[in-house]
Amino acid sequence: MQQRCHKIGIAIGNLSLYYTLECGQTFRWKRTPGGSYFGIVGGDAFLIKQHGNILEIASTERNVGEWARKYFVLDVDLESILHEIDRDEHIHEAIVSCGGLRILRQEPWETLASYILSANNNIPNIKRMVENLSRRLGRIRGLEGYSGFTFPSPSAITKNKDTVSKCGLGFRCDYLVEAAETIKEGREDLERIGVLPYKECREELMKFRGVGAKIADCVALFSFGMYEAFPVDVWIRRTLRNLYFPDGGVGDKQIWHFARQYFGRYCGYAQEYLYCHYRLKRARGLTSRTAGRAPTI
DNA sequence: GTCCAGGAGTGAT
DNA sequence: ATCACTCATGGA
């Protein structure tokens, strides 16, 4: 399904495509043998390659430049954010290690759905579930020899519950279908939730069954650009306990309060750098020295 | 076979 | 409010 292709080169400041797309905030990008990234965002296919501080983007989307500025949130000054959260040697190590990691602005429904599927799960398996859903219920998009599928809409999911149940979602299946129904029937509106103040937004998101504090924070951070969100998952819990609470005895809620106060209004960025760095660091320690390292461009 | 993974719901204290 | 238990699936 080849479609009309638009190409641009766009200048970027501080951006690492590798850390941004492979840090775990998004599940939909695939690295090609040539070092490009192919993915579907919304209804369009994208093929992106980084050359230093230029992103070369091919897409079925008409206005690629506007898309890139919004998706990569290029109007926010990453340097000043990193400077503000750079409070000690631990976060500093992460900032140096994962330089150029930017928090994306992703589509709310796909983000909510993906993170509902993330509960008690691992990243490869989450990717497989999202891919299963898209392959079966999404629409195909092709670009320069690559192809992928759009993420299914809420109504596509509610209309095909039998298909959804065959996607290997486990106990999360009911939560996903229920969320799709809630949105399809208009009982919740993600666009409205996305412009609420952070804490109200968080409360609204947690009304979805299957969405607790952590997943609500992921949606607020990765979709709504609320950088004061601080998702506490198993990695962050381990990492912050090791670094800041060696004597133990702290729960997720205490970790959340501490981090928000300690790192301030951009604590979400601190979370993502800590998550990315200390997770890769452990993975590298368990395997070879070079596994998971950013490719040189 | 066992443990773990970008957790959350439920029911008992 | 905080705990322990459970949920379905795949990989190490």
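Below, read A as the first sequence line, B as the second, and so on, with proteins coming before strands; counting in each chain starts at 1. Nothing here was measured: the structure is a model prediction, and the numbers come from that model.
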Discussion item. Does Tyr275(A) reach a base, just sugar-phosphate, or nothing at all? Heavy atoms under 4.0 Å.
Written reply: base
Atom CG of Asp217(A) and atom C1' of dA8(B) are separated, to the nearest Å, by 14 Å
Are OP1 or OP2 of dC4(B) and a side-chain N or O of Arg279(A) less than 4.0 angstrom apart? no
Lys127(A) atom NZ is separated from dA5(B) atom C1', nearest whole Å, by 14 Å
For Gly210(A), report the nucleic acid contact type (base, sugar-phosphate, nothing); a contact means any heavy atom under 4.0 Å.
sugar-phosphate
What's Gln254(A) touching, base or sugar-phosphate or nothing? Going by heavy atoms closer than 4.0 Å. nothing
Residue pairs passing the ring pair (Phe, Tyr, Trp, His ring centres under 6.0 Å) test with at least one member in residues 174-215 of chain A, sequence neighbours excluded, are none
In whole angstroms, the gap separating P of dG7(B) from CZ of Arg202(A) amounts to 15 Å
(request) Check every strand shown and say whether Cys167(A) touches a base, only sugar-phosphate, or nothing at a heavy-atom separation below 4.0 Å. (result) nothing
Q) Would Glu188(A) and Arg192(A) pass as an ion pair if we require N to O under 4.0 Å? A) yes
Requested in this report: Determine, for Lys7(A) against Glu144(A), whether the closest basic-nitrogen to carboxylate-oxygen distance falls under 4.0 angstrom.
Outcome: yes
Heavy-atom closest pair (Phe263(A) atom, Arg87(A) atom, distance to 0.1 Å) is CA-CD, 4.2 Å
Rounded to whole Å, the CD1-P distance (Ile116(A) to dA8(B)) equals 10 Å
Here the distance between atom P of dA1(C) and atom CG of Asp252(A), to the nearest Å, is 16 Å
| What orientation do Trp29(A) and Phe46(A) show, parallel under 30°, tilted 30 to 60°, or perpendicular over 60°? | tilted
Checklist entry - How far does the P atom of dA8(C) sit from the matching atom of dG11(B), given to the nearest Å? => result 16 Å
Where do N or O atoms of nucleotides 10-13 of chain B meet protein N or O atoms at under 3.5 Å, pair by pair?
residue : atom : partner   : partner atom : Å
dT10(B) : OP1  : Arg209(A) : NH1          : 3.3

Whole-Å distance, Trp256(A) CH2 to dA1(C) P, equals 13 Å
Once base and sugar-phosphate atoms are separated, protein heavy atoms under 4.0 Å mark nucleotides 7-12 of chain C, 5' to 3', with B, S and - as BBBBS-
5'-most contact on DNA chain B (nearest-nucleotide basis), Pro231(A) vs Met206(A), goes to Pro231(A)
Separation of dA5(B) atom P from Leu117(A) atom CG, nearest Å, is 18 Å
d(Leu169(A) CG, Leu176(A) CG) to nearest 0.5 Å is 6.5 Å
What's Val232(A) touching, base or sugar-phosphate or nothing? Going by heavy atoms closer than 4.0 Å.
nothing
NA contact type, Phe222(A), heavy-atom cut-off 4.0 Å: base, sugar-phosphate, or nothing?
base
Heavy-atom nearest pair, Leu196(A) first then Glu200(A), reads CD2-OE1, 4.0 Å
Q) Parallel, tilted or perpendicular for Tyr266(A) and Tyr227(A), by the 30°/60° rule? A) tilted
| Under-4.0 Å salt bridge between Arg128(A) and Glu131(A) | no
With sugar-phosphate meaning primed atoms plus P, OP1 and OP2, does Arg237(A) contact a base, only sugar-phosphate, or nothing at under 4.0 Å between heavy atoms? nothing
**Prompt:** On the ring face of Trp67(A), is Arg105(A) found with NZ or CZ under 6.0 Å from the centre and within 45° of the axis?
**Reply:** no
From CD of Glu178(A) across to P of dA8(B) the rounded distance in Å is 15 Å
